Amino acid sequence: QVQLVESGGGSVQAGGSLRLSCAASRSTYSSYCVAWFRQAPGNEREGVAAISPDGGRIYYTDSVQGRFIISQDSAKNTVFLQMNSLKPEDTAMYYCAAKFAYCGSLGWNERNVYQYWGQGTQVTVSS
C-alpha cells in the first residue's frame, strides 16, 4: 500500500506561482508512474502532468504546457508540480496519483489506471 500526501495549494492572483508537493509513504518513485490530476467543480478529473520512474519521460496536458513543470526528488520520495503564470481556469482541486505500470504517452492521463491517490490540495487563482 502506498499513501500519497499533497501539499502546497493555496490562493494566488493570476500570473502568480505555486509549487505543489506529493510525498509518498515509502520509496515509490523508483517503480511508479506518478501524475498530477485536477478537478474543478462540475468538471471531470483531468490529467495535468506525469513523470516516469526514472524521470526520462514527462507529459503535460496542452493547457499547462510551458507553464507547469513536474519533477521528482527520489531521495525524498516526493514529486513536485511547479505552476507558473497561473490563470483563473487553473482553479481546481489537485491530486497526485501513482500507478505501478508503464508511463507512456498513451494513457498517462487515464485516471482509472492509477491505483493510489492522495486527498488533494486546493488551488484557487483569482483574476
Side-chain angles (χ1 to χ4, degrees):
Q1 188 74 11
V2 177
Q3 293 181 331
L4 304 174
V5 179
E6 303 97 334
S7 61
S11 297
V12 65
Q13 289 189 330
S17 298
L18 285 172
R19 189 193 197 203
L20 306 184
S21 299
C22 174
S25 58
R26 60 184 176 92
S27 181
T28 281
Y29 300 125
S30 62
S31 303
Y32 287 75
C33 175
V34 179
W36 286 95
F37 285 76
R38 66 185 180 186
Q39 187 168 19
N43 291 353
E44 292 189 355
R45 192 169 297 189
E46 65 166 346
V48 176
I51 186 167
S52 63
D54 64 356
R57 294 184 302 280
I58 289 176
Y59 308 101
Y60 298 99
T61 192
D62 289 346
S63 61
V64 308
Q65 183 75 45
R67 300 188 298 124
F68 291 11
I69 300 171
I70 189 170
S71 62
Q72 63 185 5
D73 184 337
S74 299
K76 296 182 178 180
N77 301 334
T78 303
V79 169
F80 304 98
L81 185 67
Q82 177 67 44
M83 305 186 297
N84 302 317
S85 302
L86 282 161
K87 304 175 180 180
E89 50 264 43
D90 295 317
T91 295
M93 184 71 78
Y94 283 71
Y95 301 89
C96 71
K99 63 174 181 176
F100 188 57
Y102 182 71
C103 204
S105 59
L106 295 178
W108 69 266
N109 56 351
E110 293 181 8
R111 63 184 185 273
N112 293 335
V113 300
Y114 286 83
Q115 296 103 334
Y116 305 106
W117 291 84
Q119 293 301 306
T121 185
Q122 177 68 38
V123 171
T124 302
V125 184
S126 58
S127 58

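The shown structure was predicted, so the numbers you read here are calculated from the model rather than taken from an experiment. We number each residue from 1, following the sequence as shown.
When every heavy atom of Leu18 is checked against every heavy atom of Gly8, the shortest pair comes out as CD2-O, 3.9 Å. Here the closest heavy-atom approach between residue Val2 and residue Tyr32 is recorded as CG2-OH, 4.0 Å.
Applying the side-chain hydrogen bond (donor to acceptor under 3.5 Å, both in side chains) test to every pair with at least one member in residues 107-117, sequence neighbours left out, gives no pairs at all. Within the structure, salt bridge (charged side-chain N to carboxylate O under 4.0 Å, His left out) contacts touching residues 114-124 (residues at least two apart or in different chains) do not occur.
There is no path of hydrophobic side-chain contacts, each under 4.5 Å, that joins Val34 to Tyr59. At a threshold of 4.5 Å between side-chain heavy atoms, the hydrophobic network of Ile, Leu, Val, Met, Phe, Trp and Tyr places Phe80 and Ile69 in two separate groups. Using a 4.5 Å cut-off between side-chain heavy atoms of Ile, Leu, Val, Met, Phe, Trp and Tyr, with links allowed through other members, Met83 and Val48 fall into the same hydrophobic cluster.
With sequence neighbours excluded, the residues satisfying side-chain hydrogen bond (donor to acceptor under 3.5 Å, both in side chains) with Gln39 are Arg45.
Note that SG of Cys22 and CG of Asn77 are 10.5 Å apart. Values are rounded to the nearest 0.5 Å. For the atom pair CZ (Phe68) and CD1 (Ile58), the distance works out to 14.5 Å, reported to the nearest 0.5 Å. Atom CD1 in Ile51 sits 12.0 Å away from atom CH2 in Trp36 (nearest 0.5 Å).
Paired with Val79 under the rule side chain to side chain contact (heavy atoms under 4.5 Å, CB included), one option of Ile70, Leu4, Asp73 passes, and it is Ile70.
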Side-chain atoms of residues 84-107: list all donor-acceptor pairs with protein atoms under 3.5 Å, sequence neighbours left out, distances to 0.1 Å.
residue: Asn84; atom: OD1; partner: Ser17; partner atom: OG; Å: 3.0
residue: Asn84; atom: OD1; partner: Gln82; partner atom: NE2; Å: 2.9
residue: Asp90; atom: OD1; partner: Arg38; partner atom: NH1; Å: 2.9
residue: Asp90; atom: OD1; partner: Arg67; partner atom: NH2; Å: 3.0
residue: Asp90; atom: OD2; partner: Arg67; partner atom: NH1; Å: 2.8
residue: Asp90; atom: OD2; partner: Arg67; partner atom: NH2; Å: 3.4
residue: Asp90; atom: OD2; partner: Lys87; partner atom: N; Å: 2.8
residue: Thr91; atom: OG1; partner: Pro88; partner atom: O; Å: 2.9
residue: Thr91; atom: OG1; partner: Val125; partner atom: N; Å: 2.8
residue: Thr91; atom: OG1; partner: Val125; partner atom: O; Å: 3.3
residue: Tyr94; atom: OH; partner: Arg38; partner atom: NH1; Å: 2.9
residue: Tyr94; atom: OH; partner: Asp90; partner atom: O; Å: 2.6
residue: Lys99; atom: NZ; partner: Tyr102; partner atom: O; Å: 3.3

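At least one donor-acceptor pair under 3.5 Å links the side chain of Gln72 to the backbone N or O of Pro53. Side-chain atoms of Glu6 come within 3.5 Å of backbone N or O of Gln119 as a donor-acceptor pair.
Residue Gln122 places its CD atom among more than 12 non-hydrogen atoms of other residues, nucleotides or ligands, all under 6.0 Å distant.
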